[in-house]
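Notes for the one structure printed next.
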2 protein chains.
Amino acid sequence: MANIQDVAALAGVSVATVSRVLNNSTSVVPGTRDRVLSAIRELNYNPNLTARNLRRAQTKMVLVLLPTVANPFYSRIVKGMEDIAHKNGYNVMLCNTNSDPAREKVYLELLKNRLADGAVLMSSDFETEYLMELGSIWPIVQCCEYNENTTLSRISINNEQAAYKAVEHLTKLGHKRIGMISAKNNFISTALREKGYKRALSDAGIALDPGFIMYGDYGYKSGLRLTTQLLSLENPPSALFAISDMMAIGGIKAAIQKGFSIPDDFAAVGFDNISFSSMYSPALTTISQPKYDMGCVAMELLLKGISGEETMQKTIVLEHELIIRESTVN
Amino acid sequence: MANIQDVAALAGVSVATVSRVLNNSTSVVPGTRDRVLSAIRELNYNPNLTARNLRRAQTKMVLVLLPTVANPFYSRIVKGMEDIAHKNGYNVMLCNTNSDPAREKVYLELLKNRLADGAVLMSSDFETEYLMELGSIWPIVQCCEYNENTTLSRISINNEQAAYKAVEHLTKLGHKRIGMISAKNNFISTALREKGYKRALSDAGIALDPGFIMYGDYGYKSGLRLTTQLLSLENPPSALFAISDMMAIGGIKAAIQKGFSIPDDFAAVGFDNISFSSMYSPALTTISQPKYDMGCVAMELLLKGISGEETMQKTIVLEHELIIRESTVN
DNA sequence: AATATGTATGTAATTGATTACATTAATTAT
DNA sequence: ATAATTAATGTAATCAATTACATACATATT
């Protein structure tokens, strides 16, 4: 493994000149430049980025913390983030936290160890104080989920309004008995979606039945279980609003297993528009978040923070969309 | 940001002693040790891993190259890899290559830049020579897919046998007209699965109809399109073997759209047993690969390679399993 | 008491780059 | 022809750690 000294020796120049050619920082006469370049080629030299990073006090690496890449919701977002990062010479380190606070912390502390220049949080259980402290030293942006007590930049959709629109779609179809399956977590989106659900019911003149709201986690199994329970009620709901597509799909599967026909006997709306939703039979009505764009914007914001271009807190809200498919209308 | 010098100064010792406490390499008397420890706490000191890595000539980082995390097939594998890596103090850098040779190369060359200690390849278009050259310097293991001309370690299932079993399942159910949807790529698994398909037909005394094998990519849309074509044949197949679950699901959707009833009019077998397969309606019959274990074993092999414990080429074949669900039998 | 051994700690080299500052050579101005 | 300016390149400090080697002191051995 050749280093910059070897290249300098072979080219008959100093390491400074090699470095200049490497970074074309100052002008080097074509002759020397060529000699350096061919020495590089001959020795198959690649700069040691660890050394460069140490000297430059930067890593060109950013962290992206998310619960799990297994949830397809994240993959488009991540793609957006990666595209922007790569375009700017940054690499992305995807961190699966499994929503485990200990793991979250381990990853985020890589900032302290100077292994990354900044981080995007896609969901986290960090305390406000801790986040603010780290955020005062390193750029951190929150994407989709956020702790509203921090002054960190964030990017999301209007979850309350989106949920309202989803439930309104059901009430307009004539549904009066609408269940909701939600999650027991302290995500801001969860609370807001529940709020939107309630407002939509209220605006449609439907009394809220607390027994119609069930709690699990974000997953398919949870949706299957909770919906099975809802459908076992004496007077079960005719429609369902789920806070994730995975849960909605679980709900539909439960209804199918009970012999319901969809959407005639039972309608369902999900949230996220993961790729799977359109593949499912019946295809799922859902709220689409501009996932790719969210990823792009979040990363752009982060990189601006890193370069010092943008230091003010920004709160960006992107547009969502109701996508109507077979799970609510024929 | 305090550095080791600051800690040494505050504790009234030399940097060497601080380093000793940090790595508890040599014994330090409890008194000094405590002074160092409290200086570290007081200054909120965190070692700069870039400097450490430069000095130690290691990064405690490994690359995992895969086409895309959007394919849920990879998520369990990645989980296994991460678990093993973390247990050994390594971090994983997930690299979405989108099967783009240029991106693949960019990522793998991070090895040359000393930003990672080794790599797992989950699919790649690298030339044998290039791979061998890099592999002679850095530990590289191949997982699931592999270039059989290299002497790199690899871990996979027996794809030929697995495909055989899948198709045999269909012939045993009485199917005589079995289509296959495959992909145009040069993955070894693709070739082997096709081989298994052909052998199973042959063993069942069924003549191969070349028009029954269609090629697309690994995805859902491809499966939908190709199966629509197959079902439009004058004498369409009554069953389908797809080289991925995503394709199989596309195939089922196509059949449903054509009004077929599954599995009575049309049966389908997939490959991979992604989480989605059991959620789908109908649930998908498929070949299950021990994804988590494959990830674990691949990472263990890689880490052994990095530590120099294991330098011989290893070829590990793990067991697969046919999982029978609603898409082939009621 | 003199010597040998061992333990705790310090000094300074090292890792591989970047870069401030110094030097040299070439060009331009007078 | 000489001084001033500019351009190209070199020297050595720097980043923040680890670690080989040196040193000082305490304890053990004879």
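What you see is a predicted model; the values in this text were computed from it and never measured. A, B, ... follow the sequence lines: proteins, then strands. Residue 1 opens every chain.
- Aromatic ring pairs are classed by plane angle as parallel below 30°, tilted from 30° to 60° and perpendicular above 60°; the pair A/Phe187 and A/Tyr218 is tilted.
- For A/Tyr45 and B/Ala16, each mapped to the nucleotide of DNA chain C holding its nearest heavy atom, the one lying further toward the 5' end belongs to B/Ala16.
- Atom CZ of B/Arg56 and atom P of D/dA16 are 17 Å apart (whole Å).
- Side-chain atoms of B/Asn48 lie closest to D/dA16 of the nucleotides D/dT19, D/dA16, C/dG16.
- Using a 4.0 Å heavy-atom criterion, one finds that B/Val28 contacts the sugar-phosphate atoms exclusively.
- Rounded to whole Å, atom C1' of C/dG16 lies 11 Å from atom CG of A/Leu22.
- Between A/Ser14 and D/dT11 there is no side-chain polar atom (N or O) within less than 4.0 angstrom of OP1 or OP2.
- Within the 4.0 angstrom heavy-atom criterion, no nucleotide atom of any strand lies near B/Val18.
- Backbone-only contact: A/Thr17 has heavy atoms under 4.0 Å from sugar-phosphate atoms and none from a base.
- Here B/Thr50 lies out of heavy-atom contact (under 4.0 Å) with every strand.
- More than 12 heavy atoms of other residues, nucleotides or ligands sit less than 6.0 Å from atom NZ of A/Lys60.
- Checking the phosphate oxygens (OP1, OP2) of C/dA8, no side-chain nitrogen or oxygen of B/Thr32 falls inside 4.0 Å.
- Between B/Asn147 atom CG and B/Glu127 atom CD the span is 10.0 Å, to the nearest 0.5 Å.
- Following rounding to the nearest Å, A/Asn23 (CG) and C/dT19 (P) show an atom-to-atom distance of 7 Å.
- At D/dA8, one or more side-chain N or O atoms of A/Ser27 fall inside 4.0 Å of OP1 or OP2 (strictly under the cut-off).
- Summarising the geometry, the separation between CG on A/Leu49 and C1' on C/dG16 is reported as 11 Å, rounded to the nearest angstrom.
- Between A/Ile4 atom CD1 and D/dT9 atom C1' there is a gap of 14 Å when expressed in whole angstrom units.
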**OP:** Go through the steps to decide whether A/Val62 and A/Val120 satisfy the test side-chain contact (heavy atoms from CB on, under 4.5 Å), and finish with yes or no.
**Re:** CA-CA 8 Å; A/Val62 295; A/Val120 179; over 6 Å; no

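- Residues B/Arg33 and A/Leu54 both approach DNA chain C. Their nearest nucleotides, taken by heavy-atom distance, put B/Arg33 toward the 5′ side.
- For the OP1/OP2 pair of D/dA7 and a distance below 4.0 Å, the side-chain nitrogens and oxygens of A/Thr26 include no atom meeting the criterion.
- Residue B/Arg20 is in base contact, counting any heavy-atom pair closer than 4.0 Å across all strands shown.
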Subject >> Full working for side-chain hydrogen bond (donor to acceptor under 3.5 Å, both in side chains) between A/Asn98 and A/Thr68 >> reply: CA-CA 6 Å; A/Asn98 276 294; A/Thr68 163; 5.2 Å; no

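- Regarding contacts with the backbone of D/dT14, every side-chain N or O of A/Arg55 stays at 4.0 angstrom or more from both OP1 and OP2.
- The residue A/Gly12 sits close only to the backbone: its heavy atoms come under 4.0 Å of sugar-phosphate atoms, none of a base.
- Rounded to an integer number of Å, the gap from CG of A/Leu115 to P of D/dA17 is 12 Å.
- In this structure, B/Arg52 places its CZ atom 14 Å from C1' of C/dT15, rounding to the nearest Å.
- Note on B/Asn3: a side-chain N or O is less than 4.0 Å away from OP1 or OP2 of D/dA16.
- Atom CD1 in B/Ile40 sits roughly 14 Å away from atom C1' in D/dA16 (whole-Å rounding).
- The number of heavy atoms from other shown groups lying within 6.0 Å of NZ (B/Lys314) does not exceed 12.
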